[in-house]
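Scroll down for the structure; my scribbles are underneath it.
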Amino acid sequence: MDWKKLSTRKIRLVYKCLFLNRCYLCHASSPHTLCHYCQKGLPNNNRHCCQCKRPTHSPNILCGQCQTSAPAYHTCIAPYRFEGIIKTLIHSIKFNQGNHYIRPLTDLLGEHVIASYNTGNWPDQIIYVPSHASRIKERGFCQTQKMAHLLVKKLQQQANIQCPTLPKNNPLKKSKNTQAQHTLSRKERLRNPQNSYYIDGAIAKHVALFDDIMTTGSTIESCTKQLLDAGAERVDIWLIARTPDKEQQG
C-alpha cells in the first residue's frame, strides 16, 4: 500500500469536509457551493428576450433591439439578472479581491450550460472576453480568465469529452485600455468597445464566448464579429448575468 497516496487522499477528504461542503454565503453544511436556501434568493433571469436574454416583462419574446438588428451570435445563456446577490458577488470579485466567490458563480453557470447542451452540439472551444493588461495589473488578475478555467473544470467533471477546450493562450486580445464600462452611460458604452479587440490565434468552427456580464451587448457583439471574421462559423454566448434596463430594475 502506498501510504503517501493514502495520506494525501485523507487530507483532501478532510479538507473537503471542513471547507468545501459548506455554502459560500451562509456557511451552512451543503453538498453544493450555495445551499438550497441561498439559491432561492438568486435573481433568476426567467423573463427575457429569447435571443439576447435581455430581461423583459414577458417571457420568451423578441426584444425591440433584436427585432431591429439581430445579434451576430447564435445563442446566449444568461441564467441570472445582474442585481441582488449576483451583483454583490461579481462586484466583490472585481473590486474587493473576493476571488473565493468565483467557484459558486461558475458552478451555477456550469449547471445551466450542461442543461442547455443536453442534446449535444457542444462548442469546440471556449474563449473569454479579456481585460486589458493595465487593468489586470491594477486588479491583480483577470476575473474572466479565472472564471473560464473553473468553468471548464466543472464541465470536464460532468460533461466529460463533450466539454469545449480552453486554449492555453486566449486568442482574443484587448488592444485598448478603454474606460471601465460601469462608469459610462449607455451611449458611451455602445461606442467604447469599437476596435478594442483583435484575434491572435487559432479559432474553432464552433466557439463559446464567455463573459461575466452583458449590459448593452456592444462588447459581446464586437468580439463575436472578430471571431466570425477569424473563421468561426457559430458563436454561442455564455454569461453569468444580464443587466436589466433601468425600467426593469427594482
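Predicted, not measured: the structure shown is a model, and the values here were computed from it.
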If we count only N and O atoms by modelled type, under 3.5 Å, do the side chains of [X] and [Y] hold a donor and an acceptor together?
| X | Y | answer |
| --- | --- | --- |
| Ser134 | His132 | yes |
| His206 | Arg234 | yes |
| Asp212 | Gln143 | yes |
| Thr216 | Ser218 | yes |

Is a side-chain N or O of [X] found less than 3.5 angstrom from the main chain of [Y], in a donor-acceptor match?
| X | Y | answer |
| --- | --- | --- |
| Asp107 | His32 | no |
| Gln226 | Leu172 | no |
| Arg242 | Ala78 | no |
| Glu221 | Ala72 | yes |
| Gln125 | Val207 | no |

So, do [X] and [Y] sit near enough that their side-chain heavy atoms are less than 4.5 Å apart?
| X | Y | result |
| --- | --- | --- |
| Ile240 | Ile213 | no |
| Cys52 | Tyr73 | yes |
| Leu155 | Trp122 | yes |
| His48 | Asn60 | yes |
| Lys174 | Arg135 | no |
| Cys49 | Leu62 | yes |
| Thr165 | Asp124 | no |
| Ile127 | Asn170 | yes |

Please say whether more than 12 non-hydrogen atoms of neighbouring residues, nucleotides or ligands are located less than 6.0 Å from OH in Tyr37.
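Not buried by this count: 12 neighbours or fewer within 6.0 Å.
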Passes side-chain contact (heavy atoms from CB on, under 4.5 Å), Leu239 versus Cys76? Steps please.
CA-CA 8 Å; Leu239 310 165; Cys76 177; 3.7 Å; yes
Can Ile136 be reached from Phe141 by stepping across I, L, V, M, F, W or Y side chains whose heavy atoms are under 4.5 Å apart?
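No, separate clusters.
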Residues Leu108, Gln39; criterion side-chain contact (heavy atoms from CB on, under 4.5 Å); working and verdict
CA-CA 9 Å; Leu108 290 168; Gln39 287 193 42; 3.9 Å; yes
Nearest heavy atoms of [X] and [Y], plus distance in Å:
| X | Y | answer |
| --- | --- | --- |
| Pro167 | Ile126 | CD-O, 3.2 Å |
| Cys35 | Cys26 | SG-SG, 3.6 Å |
| Pro55 | Thr243 | CD-O, 3.9 Å |
| Pro43 | Glu83 | CG-O, 3.2 Å |
| Gly41 | Ile85 | O-CD1, 3.7 Å |
| Ala148 | Tyr128 | CB-CD2, 4.0 Å |

What's the separation between atom [atom1] in [X] and atom [atom2] in [Y], rounded to the nearest 0.5 Å?
| X | Y | atom1 | atom2 | value |
| --- | --- | --- | --- | --- |
| Ile90 | Lys94 | CD1 | NZ | 7.5 Å |
| Leu25 | Leu89 | CG | CG | 5.5 Å |
| Ser29 | Arg22 | OG | CZ | 6.0 Å |
| Met147 | Thr106 | CE | OG1 | 7.5 Å |
| Ile220 | Lys225 | CD1 | NZ | 13.0 Å |
| Thr224 | His74 | OG1 | NE2 | 12.5 Å |

Evaluate side-chain contact (heavy atoms from CB on, under 4.5 Å) for Ser196 paired with Ser222, printing each intermediate quantity in order.
CA-CA 8 Å; Ser196 298; Ser222 175; over 6 Å; no
Evaluate the criterion side-chain contact (heavy atoms from CB on, under 4.5 Å) for residue pair Asn99 and Lys146; output intermediate values, then yes/no.
CA-CA 9 Å; Asn99 292 10; Lys146 287 183 174 291; 4.0 Å; yes
is_close_aromatic(Phe210, His149), centroid dist under 6.0 Å
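No: the rings miss the under 6.0 Å criterion.
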Could you give me the CA-CA distance, side-chain angles and deciding distance for Arg54 and Asp245, then say whether salt bridge (charged side-chain N to carboxylate O under 4.0 Å, His left out) is met?
CA-CA 8 Å; Arg54 180 195 301 273; Asp245 293 335; 3.0 Å; yes
Under 3.5 Å, side-chain donor or acceptor atoms of residues 112-120 against the rest of the protein: list the pairs with distances, not counting sequence neighbours.
| residue | atom | partner | partner atom | Å |
| --- | --- | --- | --- | --- |
| Ser116 | OG | His112 | O | 2.9 |
| Tyr117 | OH | Asp236 | OD2 | 2.7 |
| Tyr117 | OH | Trp238 | NE1 | 3.1 |

